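What follows is one structure encoded as structure tokens, with my remarks underneath.
Quick caveat: nothing in here was measured; it's all calculated off a predicted structure.
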Amino acid sequence: MTEKIAYYPGCTAKSYAKYMDSTARIVMKELGIELVELDRWNCCGTVYGLADDNLYSQLAPIRNMIRTLENGFDEVVTICSMCYNTLARANDLFKSDKEKADRLNAFMYKEPDYEGNVTVLHLLDLLVKRVKFQAVKEKVTNPLKGLKIAPYYGCTLLRPREISIDENIEHPSILSELIFALGGEPVEDPYMTECCGSYLTVKDKHLVADRTNKIVGSMQKRSADIIMVSCPLCQFNLDRRQKEVKALNPAFHKVPIVYFTQLMALAMGVDYKKLGFQDHYVDPVPILKKRGLIREKKKVAAKIAK
Amino acid sequence: MARIIVANTEYKVPSNLTIMKALEYLGWRLKRGVGCRGGFCGACSTIYRMKGDHKLYTGLACATKVEDGMIIAQIPISPANKKSYNIDSLKAQPNTILELYPEVARCISCNTCTKACPQDIQVMDYVQAALRGDIAKAAELSFDCIMCGLCATRCPAEITQFNVGILARRLYGKYIAPKYKQLEKRVKEIEQGKFEDELSKLTKASKQKLVELYAARVREEVKR
Ligand code: SF4
Ligand code: SF4
Ligand code: FES
């Protein structure tokens with residue numbers, strides 16, 4: 001039987017990162033879990049509000065907790081690391097600060113009172129804790145053999161400690177374990193938990209290009225074929241900013257940046273044309289072909305038939 | 001009778017009147033803040049409080065009955081941020097609305113707009129749909145908007161929600177909604193003058209004849 005779980009996609013997964021959303025649904029279905037999108041949801045708040053006296057910024061995430069309950073769930077899973085970070089931290093604040101919780105409820109008087117009884121999960125959490133990587137492994141029909149994959153966590157999956165999806169913040173291993181399960185070869189790099197530059201990309205793209213140069217550059221020195229991320233903003237920064245990196249570092253060559261759900265789908269035998277690679281600045285297809293993970297069976301067959 | 005306060009002065013008015021009628025009962029001649037008188041044009045936006053109640057209520061003066069203890073102010077005009085665009089050169093893409101109204105990204109989901117809307121529209125939800133590029137949803141949710149402007153006067157993010165909504169509906173109507181083939185056919189027929197004879201017969205018909213024809217009318221089935 002398929003298990004159902006409330007799913008919060010987030011705005012970016014509905015636009016820029018729509019293939020992160022669609023591949024997540026595909027692989028989870030394959031693993032026996034249906035992601036049920038909340039029928040009403042709003043932006044997570046984008047970044048967790050640190051201003052202690054500004055509760056406005058906590059309204060958006062907490063309202064999504066209320067929507068989760070309205071949909072009959074007490075657990076909500078998200079795929080975007082930024083959304084996960086904002087939702088989980090706001091939820092923690094709500095649970096630990098009664099005074100703020102009361103004030104938020106009073107402000108949102110049209111909604112039923114929230115009591116802090118929702119759990120926020122990242123999809124990776126769900127894979128580790130409930131599904132287990134062994135089950136993922138069993139669904140793999142196209143093992144990513146010979147593909148050197150550098151896991152990249154960035155900040156928002158791991159920091160602060162209270163919401164980290166991995167016990168070991170300094171040297172997390174969840175993504176490497178996933179890569180093993182998919183049959184790939186993890187290439188761990190000290191830069192895997194460094195910040196990509198986040199929203200500074202809007203204000204100062206050269207600063208982010210510099211981050212990209214350091215992060216991607218370091219990983220390519222360890223001969224990574226591809227870099228695996230769990231956040232649309234990390235993906236955007238590390239992928240699109242490679243455009244500007246060449247000017248900083250002539251020795252740089254491009255490395256594709258993909259979502260973990262895209263690689264999961266590929267390993268589970270989903271047609272690569274459905275994975276959204278056409279939307280990437282650095283095309284992952286050539287290296288995947290080179291490693292023999294994409295085979296254009298039909299075309300060859302059609303040519304022979306001709 | 002109901003006691004109401006308008007422009008800091010207390011008056012007694014019959015309690016079965018709408019706010020608009022009550023103002024006229026008091027001798028005000030309304031030049032602004034009035035239009036259709038039927039809850040459709042959005043001209044008569046009004047805010048009020050009830051004595052002893054902290055809440056700020058909103059309503060349409062033509063569709064809200066006076067109550068004892070109302071403190072009333074009309075908001076005949078709501079200054080709006082309105083972008084000019086040529087709908088033919090826009091594309092219905094996820095970021096189209098954000099490019100014209102980037103302030104949509106400032107929405108903090110406070111829901112104040114929804115609380116203010118006299119049409120009971122889920123205003124926050126249509127702003128949020130616009131933010132994530134779901135034009136169809138934004139169009140659907142904002143469909144009943146009468147552009148009264150009450151949401152925009154209350155928004156802490158200074159968004160002009162109703163102009164976001166109408167842009168979504170224009171984009172939806174032009175680029176996303178399924179086209180009625182029947183409609184195109186009918187427009188062509190009208191242009192070719194197919195109904196002119198019938199129409200001129202109607203304009204010349206007696207009242208008696210018109211009543212007969214109306215009673216005997218046949219409705220066409222809806223076809224897509
Ligand atoms: S959405 Fe705003 S402008 Fe439209 S009817 Fe509601 S309050 Fe008035
Ligand atoms: S009032 Fe403004 S900020 Fe608040 S939910 Fe509505 S659009 Fe968003
Ligand atoms: S006068 Fe038109 S809505 Fe009130």
- Give a yes or no on whether a salt bridge exists between A:Glu70 and A:Arg67, defined as a side-chain N under 4.0 angstrom from a carboxylate O. yes
- Query: Is it the case that B:Arg217 places NZ or CZ above or below the six-membered ring of B:Tyr214, under 6.0 angstrom from the centre and within 45 degrees of the axis?
  - Reply: yes
- Checking heavy atoms, do the side chain of A:Gln58, its backbone, both or neither come under 4.5 Å from chain B? neither
- Task: Considering only NZ, NE, NH1 and NH2 on the basic side and carboxylate oxygens on the acidic side, decide whether A:Lys14 and B:Asp134 come within less than 4.0 Å.
- Result: no
- Item | N-O pairing of B:Asp125 and B:Lys137 below 4.0 Å | no
- Item | Side chain / backbone / both / neither for B:Thr114 at chain A, heavy atoms under 4.5 Å | neither
- Query: Closest approach of B:Ala2 and B:Glu67, non-hydrogen atoms and distance?
  - Reply: CB-C, 4.1 Å
- Side chain, backbone, both or neither of A:Phe107 within contact of chain B (heavy atoms, under 4.5 Å): both
- Query: So which part of B:Gln93 gets closer than 4.5 Å to some heavy atom of chain A, the side chain, the backbone, both or neither?
  - Reply: neither
- Options A:Pro61, A:Cys11, A:Gly10, ranked by heavy-atom pairs under 4.5 Å with chain B, top entry: A:Cys11
- Note on the structure: Interface check, chain B: of A:Pro9, A:Cys43, A:Ser15, A:Ala13, most non-hydrogen pairs under 4.5 Å belong to A:Cys43
